[in-house]
Amino acid sequence: MNTATLTREAQWPGLINPDGSRWHYLDTAATAQKPQVVIDAMMRALGSDYATVHRGVYARSADMTLAFEAARRKVAALIGAQESELVFTRGATEAINLVAQTWGVANLKAGDRILLSQLEHHSNIVPWQLLRDRTGVEIDVCPVTEDGRIDLAAAERMLTPAHKLVSFAHVSNVLGSVLHVEHAVKLARNVGAKILLDGCQSVARIAVDVHAIDADFYVFSAHKLYGPTGIGALWAKPEILDAMPPWHGGGAMIDRVTFEKTTYAPAPQRFEAGTPAIVEAIGFGAAADYVTGVGLDVIHAHETALVAKAREALQAMNSIRLFGPDDSAGIVSFAMEGVHPHDLGTILDEEGVAIRAGHHCAQPLMDHLGVPATARASFGIYSDESDIAALVRGIERTKRIFG
Ligand code: PMP
């Protein structure tokens, strides 16, 4: 990995405790720590390079506009797309709401059906329920297999010509299970449905090419990709994006405004009302560059090896129940017999280990697993075996405390 060119400490300031020791951060699936290159790019954008975009007649603003659009190009390139196909949103959540409230309202009507899965994040459930309230569409829920994957054999049985949309997570934020996207796309196509893929957990973990996958919509957030919060992306096929009506109205998304009638800018600007998150976009672009530079194949191999080691170590402790498949991407969810995940999380924190404990914004999946919450360790580029060793030490201490 060319990350070795900087020391770990210099490159990931967020991973260093105040006393200089290493923080065992195992919550990258919630949000990733930032490499120094992203922080530096954002500091420059906020300081010496700062100006607005798209409107300025002065050189600084013209330069910032170029940098902003270059960031869009870098983020689009990360998923094999063109910049004209990529809308900046506040995050994946906003991107899904955008699709539901524009494409969904324009194209779906009472009697149409949407297929979701049991393992979806609330961000890929609630926007569709809001659309259901508005239009009368019906929602169906594809079950998950015993080992925690979206059950595509069940999806095939469930899908009918009434289904206009399939919306699945590419990688589960709880179980780390990876969707067989080509198969899912084929099933959607067989019934003439569009397919949206929630790429929040996949873009930073596996190489994605939206055109090769032949998806219709792909959404993700910058902050899980080693970039900042407050920005994310919606990619859609150009012909779909071009036909989508605007959502939020305001500056920057228009062509011409009169009180009688307003005409709109072409996509992607049509969906970006108001002054955008300029500094965050620069950070997003820097993060896309960084991840591309390291290489998603390298990242994937690194995280796969860590998942295998973590699962093996946890399996060896007979008080641990593991969830999800062995080949999960970067994420391991588990439960400890007789210990609530929150208690485990608190004791681990005392040991300098940060995990996530809770329902992970996937309550329907918790209901299916029959638990109120799970403990989740998730890895990133910067994770290593010392993090797993610290996790195991913390679990052993928890065992002693709880007898
Ligand atoms: N989908 C998945 C699979 C996620 O992991 C997350 C974040 N936990 C989201 C959607 C929502 O992302 P955001 O909060 O950044 O909009």
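Position 1 is the first residue of the sequence; numbering continues from there. Values below: all heavy atoms of this structure, side chains included; hydrogens, waters and symmetry mates excluded. Each ligand, and each atom within it, is numbered from 1 in the order the structure gives.
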Parallel under 30°, tilted from 30 to 60°, perpendicular over 60°: which one fits the rings of W12 and Y290?
perpendicular
For atom 5 (O) of ligand 1, what is the closest protein heavy atom, and at what distance to 0.1 Å?
Q201 NE2, 2.8 Å
What about F379 and H302, are their ring centers closer than 6.0 Å?
no
Evaluate S221 for polar contact with ligand 1, using N/O atom pairs at a separation under 3.5 Å.
yes
What's the shortest distance from atom 8 (N) of ligand 1 to any protein heavy atom, and which residue and atom give it?
K224 NZ, 2.6 Å
Of the side chain and backbone of A169, name the one, both, or neither that has a heavy atom under 4.0 Å from an atom of ligand 1.
neither
Q36 side chain to D40 side chain, donor-acceptor N/O pair below 3.5 angstrom:
yes
Applying a strict 4.0 Å limit to heavy atoms, is D198 in contact with ligand 1?
yes
Numbering the atoms of ligand 1 from 1, which are under 4.0 Å from a heavy atom of N173?
3 (C), 5 (O)
Ring centres under 6.0 Å, that's the criterion: do W103 and F271 meet it?
no
Flag for R22-S386: side-chain donor and acceptor within less than 3.5 Å:
yes
The answer for which part of H223 has a heavy atom under 4.0 Å from ligand 1 is side chain
Heavy-atom contacts under 4.0 Å between T93 and ligand 1: side chain, backbone, both, or neither?
both
Do H211 and E85 pair up side chain to side chain, a donor and an acceptor below 3.5 Å, judged on atom types alone?
yes
